[in-house]
Amino acid sequence: MNSLMQHLPVMPIILPLLAGAAMLLLQESQRSARVTIALTSAFAQLTAAIALLYFTTDAAPQVWPEGIGVYSIGGWAAPFGIVLVVDRLSALMVALGTTVAVATLVYSIARWDRPGQPFHSVFQFLMMGVNGAFLTGDLFNLFVFFEILLAASYALLLRGVGTRRVRRGLHYIAVNLASTFLFLIGVALIYGVAGTLNMADLTGKVAELSPADRSLFDTGAAILGVAFLVKAGSWPLNFWLPRAYPIAIAPVSAAFGIMTKVGIYAVLRVGTLMGDDDVAAALLGWILFYIGMATLVAGTIGMLASLHLKRLVSHSIIVSSGLLLAALGLGIEALTAPVLFYLVVSVLTTGTFFMLTGMTDRARLPLFALREEVEPPPAPFYTAFGVAEIDPYGVDEEVGTALPAAMAFLGFIFVCCVMLVAGLPPLPGFVAKFALLSTALGFAEGNGAIWGLAAGILVSGFAAVFATTRIGMRLFWTTVGRRTPRLRILEALPVASLVLLTLGISAASGSVMTYFEAAADSLHDPQAYIRAVLSPQEGVEPGGRER
Amino acid sequence: MEVLYSLAIGILAGSGVWLLLRPRTFQLLLGISLLSYATNLFIFGMGRLATYKPPIITTDNATDAALYADPVPQALVLTAIVIGFATTALFLVVLLALRGLSGTDHVDGREPGS
Amino acid sequence: MSEADLPLWATIPATILLVAGGLLALIGSIGLLRLRSFYDRMHPPTMGTTLGTGCVLFASMIVSSALVGRPVIHELLITLFIVITAPVTAMLLMRAAAYRQRRRENPPA
Amino acid sequence: MTLTVMWLVLNQSLAPGQLVLGAALGVLLAYGTSSLRPLQPSLRNVHLAPVLLLMVFLDIVRSNVSVARIVLGLVRDRDVRSGFLDIPLDMRDPHGLAVLATIVTSTPGTVWVDLASDSSRLTLHVLDLKDEEAWIRWIKGRYEKTLMRIFE
Amino acid sequence: MTLTLIVFLPFIGSLCAALLPARARNTAGWLAGTVALVCVALVWTHYQDVAGGGVVRASIPWLPQYGLELYFRMDGFGWLFALLVAFIGALVVLYARYYMSPEDPVPRFFAFLLAFMGAMLGIVLSGNLIQLVVFWELTSLTSFMLIGYWYHLEHARRGARMALIVTVFGGFCLLLGVLMLGEIVGSYDLDEVLTAGDLIRAHPWYASMLVLVILGALTKSAQFPFHFWLPHAMSAPTPVSAYLHSATMVKAGVFLLARMWPSLAGTELWFWLICTAGGLSLLIGAFSATFQRDTKGVLAYSTISHLGLITMLLGMNSELGLIAAIFHMMNHATFKASLFMAAGIVQHETGTRDMSRLSGLRYAMPVTTVVATVAAAAMAGVPLLNGFLSKEMFFSAAIVAGDLSGMRFTLPAVATLASVFSVAYSLRFIHQVFFGPPATDLPREPREPLRGMLLPSALLVLACLLVGIFPSRTLGPFLEVAGLSILGKAMPEYQLAVWHGFTPPLIMSFIALAGGIVFYRSLVRRGQTMVPTPLLSRVDARRVYDLINVGIVRGAGGLDRLLFSRRLQPQLLLVVCVALVAAWVALQGGGWSRGSVPLTPVDPLFALLWVAGASCAIGAALQAKFHRLAALIMLGGAGLVTCLTFAWFSAPDLALTQISVEVVTIVLILLGLRWLPQRIAFDDARRRTLRARARRSRDAIVAVAAGVGVAGLAFAALTRPAAQGLAAFFVENALAEGGGRNIVNVILVDFRGFDTFGEITVVSMVALTVYAMLRRFRPAPESMEVPRAQREDLARDRLMEGVNELLPPGYMKIPAVLVRLLLPMAALVSIYFLLRGHNAPGGGFVGGLVMATALITQYMVGGTLWVEAHIRIHPQVLVSFGLLAAAIAGMSAWFVSMQFLDAQAVDLHLPLIGDLHLSSVLLFDLGVYLSVVGATVLMLIALAHQSLRSARKVPEPAEQNLSAAVASEAVS
Amino acid sequence: MNAVFDYAAWFASLCFVLAMLCAVLRLFIGPAAQDRILALDTFYINGMLTLLMVGIRTSSTVYFDMALLIALFGFVSSIALAKFLLRGEVIEP
Ligand code: NA
Ligand code: NA
């Protein structure tokens, strides 16, 4: 099946499409067939993604020159046709996306996909959108894939009834529609000035522009950037995020974690391909930095204010977006590898965390338990151990309560999630933040921004501990009125696997980071990317297709 | 002509944005439609204005690009129109569902001040 | 434009038809604007819909046929469609107007 | 058949390929849509159709002129009296009535308002209702009779 | 290798313990004990390696690029601490085995305890600063788990969280400090950091870095002002208190200070910061301990105080101080752990820790009384016990440091005063618990505990005695080794002897002893032994913590509402404004300027056209609130003008698509309007308020700005020469390579077919979503009933009436005839558009919309039931087939090993018929056609079905009323 | 002579555009919803005629398709609107 290998780059897009479309033919009662198709497709995508990842490493130099694979759709070479480009970054993102998707899919089979809607089809389309957005080398095609993943997200978000869900869904759609218009205007303007849509081709075209034209081009890029920032969930364009994500069912929220990162990816990809103008790059950098910091701060505050776990996790997504944007905004190339590391970890983290919320939801306490956290503690608390208080030890029996195995498992996962979100060692959240800080401090001499970022990273981590313990203790450490959730193997397995994966990443940080460094290097040397895209492909004539 | 064309886009966009900022869902729906007209015209305009040059090859060897309007933005607009249509439809249904559930056509699902 | 080779036999009737069609449509719309009641306003636009369109289509057929050198008649399809669809609109609109007028005159308790 | 002709007119071609395709489409579409068209017209005396067409054309031209005069104010306003007009009908065939409707609608100055549920009475709105009898004659004599001969 | 094992063995043990069943207390105990003892043995074997100032190293690379590796490094100091951790660990395991109730699920307890032990060993054996932080945080976490072990107790939960918050805060500070340190030195390697003291102290970052590191140490060691968490941590089971909160974890802070002493100490800043914090902790801790009512509370505050003492010693910048500090760390660990165990025994046997209830236990528990008394005496600094020795050293160091720092009087006075309190609380602890009359109202009858429980405590007391009497023969050599490893040179002159003459320290000791006794007696005489701590109970760091805590939550809540508006309009306004600002900033480079291309002359027709179009747009904008139908009609007008504009500027395909979409959209919105109850325009007072007006003007300004902006951008681009874009290629290749004359269509289905591919996916998915949503749709109650018009005008009696009729009755009869006549024609036209799209305007999308519209008109004239009684449409199947057809068309290229979507064509020459051109492009377009028909019909019909649903529902209330009536009749 | 034809074609186009403007005016004036629908219908027909004129003036056949489509479907929005007025909903059960 050499030819299948040759078509590997398009597999992560075509497989979900086929699966999603085929499943529409099934009756509502044919659940097992649907599940089989969905799982087969998802695992096939994961396999393809891992193969792509492997081909971009130095381990397989014979497959693609410089580790960058280009697949011309329809046999039309860039810049005329649409090309899929597999470089380290995109392969990494696809692998990440499919990993989370596979986990959430398995998870959802436990019980979440039940209410008859075409859940599995839409989920496949979501995967198609995400993978396509990561793989495409064409700006307008990126728009199309954005729309696919958005449409899928609308569908998944609006599952189930309820005023709240519909209201927030409406807000989500409205904001994304607005950003869709911005996207279109930005892309159009870029095409209008530079005359091309291929991202690699743009780099060359931009260099030839007169200053006035360049400014108009930059305007297009700026408008496009705003659209990306909306997707990335950056403040103040992200009010929808902490409202929309928590209302989705747990596996869907988990799968959504990757969507904000699509925005970040777009910023990174388009930014590095267009950022040859130093002045513009510096300006862009500062704007990004400040927006990132604002996002970081806002997300941190939101996290502290969250009374529900899902909302908290949503805010942690915002925090991670802010952190990524701010770090990218500093314009320090050495930071890119840690940024990628952090990105990967945060996607896995939020995915796991959201799935966990689905499993603990039914263990949740009634709301009265919340009040104690918001109200100041009652006066006797201040004099604990003082005379005014009756012996606190006479009443309670000092015999521990055995945690049911389910609760213990969930508690363990919860602690892992907290450690990941807060960046506590030894999980990779710490490794990522350490690498970020360690690199950033190398540039801190006379650069206040670095200190701001460092403070932001640490404060947000601390806030995560503060907020998660507040909620987590209520979830796991309250005995009154708790019902122990039933642990389903299909839910536990993917969650545990993701946690194990993070542990693995942490243990193998050295080699993982080496890959990210290579990805960062090629990202900052767009020439290789451009060479790969614009050079003639095998089986594709430079001017057209082979006949 | 360019001035006129730009003005047309501007008016559509301005009306669209005005509606987009209104509090009623139906206003938003119309605003989205108007904005998509404006956006489509904008994209289309990026191919510059060409009258009487439809990009359809009538004689086989007439392959000079100057004979035709730029076909690329047209193709982009087509995709944009279709996607715009789809999202408008979706927005409409969500709007109806919200009206049904919340009893008001305010975008926030509740009347201000209530 | 390539009317350079439009023969005279085609030009004269086409010119007349176009002017007539334009005037009919315009008068029809003016009627739509001027007349006082809705029922009255229903009538004039028909001028543009039937004879006005007919004139233009006929002119188009003449011009196309003259240019191509063989009879071009696919404009007839437009006429067909308009003829078929116009009554549907008219009937429903009239009935709607009548209903609304009735309702305005005898508002429900 | 009609569809095949339409196809050829649309494509402006009499090529054999188009003929075959048109015929195939004609049969297929007619069959495919037949369930939504349970009522098929039965035509007789088709030769009367061109005559009818000519009559309609002349009437349209005439009424166009008269309506144009009214719109342009060439007729004094007080001379124009519009109103509803009831016409008793003998024709029952829906297709005949449909053609009558197209004729009435296509003629400026008359609009189809309502048809009694048993098709026994037709209500029109007429822009220039000076002579009710003349209008009734016009409908019944000129068109209803011809249409009944074609459709019933 | 053994170093690595020492650290990892407890973790492995922890994992094993965690997997044990909840009842396996003996197995768990044996497991934990074995692990601890093995660690002790392993540490012990390294004595020879470190005794001569040597260092044992082992390293595993982790993240070498960033200087992070697992680097275990054991020198004398590390060895001593590791031994302490492992040894006391073993004793605590033994103690806990008996202390914990048989019903308690102890495997979890031992799992956490072992994990903690591993983490603590990791700290003391870290040779890499980042690694140290890693284990540091792990101790915080395990401590959290252990304090909260009895999580059903409210104060345990609170205490655990407080400890975690404070220590994690410190941990993050430490991380930053260590990162800065690493940046200064260029390495996180402890060996390099320890030799770079001068470089570090001279660096401009020194002060901030130092503050951060100290924050880490102070929080961990519960030093002022972070001392408050420790008393709350007493909710932990007593073995935990003995182990973590007296002997080991709280020592991590002072361990760190001692560890970094060579590279950080020796500056004024160090002295002031550390001595102040230490001194205050010393005093406050000792003073507060005197007034605690809880036995463990006394010990907790006493721990704060003793750690303050150690901190102060470390802050004195004197080598003697350092040695004394190390010495006291060891001593304090022994006597305090033993005291905690004693307190635990008391609680275990009597059921309470309340000193006002406890009394006279010496009768029931004589052995415990002896053990506790000796340990308390050590704590008080009574001669012949180890506490006395280290306190002597403290006094002498205080005198020296006082001389050097110019606080000749203050330092010794503080030291003595604290010792006075120390004596007092030790005395009180023993006196109130073990002496006096036997208590009568205890929850349990007190008796001597099991031997296993007493043994660890007794062993530790024995150590106190041995060290106290023979210091230089017991602890002396070890202290030597530890001190040497830190100082890296010969030890300063110090005397480890019980007696070295009448020196000022000895005098201070006696003053303290006597003062303490006097002070306690006066308290007893005045009956003030059970009062809240004077002065301090009002101003309490704990209280500040709570207020900060609540403040954070409340403040965040308020800010959150401000930062994340729940309303849509501000969000949309912000999106628009941010886009405007972004564009404005980018335009500063001159982008707005007019380009060089001359303007084309204005066509008055076009201008007139747009007068109409613009009025429609503005009209729609103004009417949308109250006159929805009018606004919709105007929208249709604007849409038509847009369509004409496309046609005008040579885009026939666009015009076709626009007009079809336009029509379908209007029908769709109308279908929706059925369920959107009308808004009645009324004179709303709110609309006229100043605020409302201001809001509207603001929106108007933004809208105008957006309009002007977009128009300006369009104009700027339109007047620039077109870039040498892709057009030329497409024009050249459309016919030759793409096989089509309609370049736009060739782009859509071939050059950029992938976009189209995505586009139909979007449409299909949206249709599915709409369908799914509408299945659960609950319309507005006002719109539920049959519209008024239908009730008044030709009401229908029964739903299924007329399904079998050939034509609808009444007014719809003639329209039905005409519209049904149109259906086959429309279908033909749709196929016409589909098939010729490649060469002329049209294509699958337009064709599909035409077909869908034709079907919908049938619904309009016939009604849902009638149509569906005559024909079954399966839109979902159409969608699926469409998508699959497109995908298969794309994949057909694979079979000839070309790229996805590479067009394949087969030319057949048929006799008579001629050339038949079948290509995958056509299949692709057919896929588009099918999915568009399916999706559009699905959406429209799903909406249309709503009224069918609600029409079926309408009789329900009537039935309910009926049954209610029947029921009421039955009752009467 | 061709010039005369061109003028005539231009004149006809002008007439149609003016007719559209009249329709828009009626659309604004109303007063009843049915007036607006009628105006939209007129607007569509005149728009179609304008398109046909563009076709005639450029002697291009591509505009024919658009006109065909408007002829076929312009009425759909009109009858949908009218039906909405008349029955309160576009598609009855
Ligand atoms: Na008429
Ligand atoms: Na007592």
Side-chain angles (χ1 to χ4, degrees), chain B residues 1-2 4 6-15 17-21 23-24 26-27 30 33-34 37-38 41-42 45-46 48-57 63 65 68-72 74-75 77-79 81-83 85-86 88-90 92-93 96-97 99-101 107-108, chain E residues 567-569 572-573 576 599-600 602 607 610 614 617-618 620-621 624-625 628 631 635 642 649-652 654 657 661 668 672 675-676 699 703-704 706-707 710-711 714-715 717-718 722 726-728 730-732 735 741-744 747-748 755 759 762-763 766 770 773 777-780 939:
Chain B
M1 216 58 161
E2 282 79 4
L4 201 59
S6 311
L7 263 179
I9 296 176
I11 288 169
L12 285 175
S15 310
V17 168
W18 164 258
L19 281 177
L20 198 67
L21 302 177
R24 304 290 154 187
F26 190 76
Q27 292 175 309
L30 291 196
S33 298
L34 284 177
Y37 295 155
L41 283 174
F42 186 88
M46 292 304 116
R48 310 302 188 267
L49 304 180
T51 37
Y52 312 135
K53 289 177 182 173
I56 290 168
I57 302 169
T63 55
Y68 307 99
D70 189 347
V72 180
Q74 297 195 17
V77 173
L78 271 175
T79 306
I81 290 180
V82 176
I83 289 177
F85 161 67
T88 308
L90 181 69
L92 172 75
V93 174
L96 293 178
R99 177 65 180 84
L101 289 166
V107 284
D108 295 331
Chain E
R567 294 168 48 228
L568 179 60
Q569 292 152 277
L572 287 176
L573 186 70
V576 174
L599 298 182
T600 45
V602 173
W610 268 101
I618 295 171
K625 188 166 187 182
R628 292 177 183 145
L635 183 74
T642 308
F649 293 112
S650 324
L654 287 189
T657 314
V661 165
L668 193 76
W675 305 105
L676 204 61
D699 290 351
V704 169
V710 175
F715 184 71
L718 282 172
L726 315 171
F730 291 140
V731 171
E732 268 168 39
L735 190 55
R741 292 175 180 277
N742 181 354
I743 306 172
V744 174
I747 293 177
L748 279 179
D755 284 343
E759 157 201 323
V762 170
V763 175
V766 165
V770 164
M773 275 204 80
F777 177 62
R778 204 177 77 205
M939 285 193 277

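Hydrogens, waters and symmetry mates are skipped; everything else that's a heavy atom, side chains included, is used. None of the values given here were measured: they were computed from a predicted structure.
- The closest donor-acceptor contact from the side chain of E2(B) to the backbone of A717(E) lies at 3.5 Å or more, if one exists at all.
- Counting all heavy atoms, side chain and backbone alike, M46(B) lies closest to A714(E) at CE-CA, 4.2 Å.
- P71(B) approaches I747(E) most closely through the heavy-atom pair CB-CD1, 3.7 Å.
- Here V82(B) is the residue among V77(B), L90(B), V107(B), V82(B) with the most heavy-atom pairs under 4.5 Å with chain E.
- The most heavy-atom pairs under 4.5 Å with chain B, out of V762(E), D755(E), L748(E), I618(E), come from L748(E).
- For the set A86(B), S6(B), A97(B), A38(B), the count of heavy-atom pairs under 4.5 angstrom toward chain E peaks at S6(B).
- A pairwise comparison of heavy atoms in L718(E) and R48(B) identifies O-CD, 3.7 Å as the closest pair.
- L573(E) touches chain B through backbone and side chain together, each having a heavy atom under 4.5 Å away.
- Contact of A89(B) with chain E is made through backbone and side chain together, with heavy-atom distances under 4.5 Å.
- Chosen from T88(B), I9(B), I81(B), the residue pairing most often with chain E at heavy-atom distances under 4.5 Å is I81(B).
- Among L676(E), I743(E), V766(E), L572(E), the residue with the largest count of heavy-atom pairs under 4.5 Å with chain B is I743(E).
- Contact annotation: the side chain of F26(B) never approaches that of R99(B) to less than 4.5 Å [non-hydrogen atoms, C-beta and beyond].
- Of the atoms belonging to V704(E), not a single heavy atom falls under 4.5 Å from chain B.
- When all heavy atoms are compared, the tightest approach of A50(B) to A69(B) is CB-CB, 3.9 Å.
- Annotation: maximal heavy-atom pairing with chain E below 4.5 Å, among L20(B), L41(B), L12(B), occurs at L41(B).
- Among the candidates A706(E), A620(E), A722(E), A728(E), the residue making the largest number of heavy-atom pairs closer than 4.5 Å to chain B is A722(E).
- In this structure, the portion of L19(B) lying under 4.5 Å from any heavy atom of chain E is its side chain and not its backbone.
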List the steps, then state whether side-chain contact (heavy atoms from CB on, under 4.5 Å) holds for L21(B) with Q569(E).
-> CA-CA 6 Å; L21(B) 302 177; Q569(E) 292 152 277; 5.9 Å; no
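- Counting heavy-atom pairs closer than 4.5 Å to chain B, the top residue among V710(E), L599(E), L668(E), L654(E) is L654(E).
- S15(B) and L34(B) make their closest contact through CB-CD1, 3.8 Å (heavy atoms, listed as atom of the first residue, atom of the second, distance).
- Annotation: maximal heavy-atom pairing with chain E below 4.5 Å, among I83(B), T79(B), L7(B), occurs at T79(B).
- G672(E) approaches L96(B) most closely through the heavy-atom pair O-CD2, 3.2 Å.
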Check against side-chain contact (heavy atoms from CB on, under 4.5 Å), Q74(B) and F649(E) = CA-CA 11 Å; Q74(B) 297 195 17; F649(E) 293 112; over 6 Å; no
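- Counting heavy-atom pairs under 4.5 Å between each of A614(E), A607(E), A631(E), A621(E) and chain B puts A621(E) at the top.
- Residue W675(E) touches chain B through both its backbone and its side chain, counting heavy-atom pairs closer than 4.5 Å.
- To the nearest 0.5 angstrom, Q27(B) atom CD is 9.0 Å from R628(E) atom CZ.
- Heavy atoms of L78(B) lying under 4.5 Å from chain E belong to its backbone as well as its side chain.
- Heavy atoms closer than 4.5 Å to chain B are found in the side chain of F730(E), but not in its backbone.
- Options V576(E), T642(E), D699(E), V661(E) differ in how many heavy-atom pairs under 4.5 Å they form with chain B, and the most are formed by D699(E).
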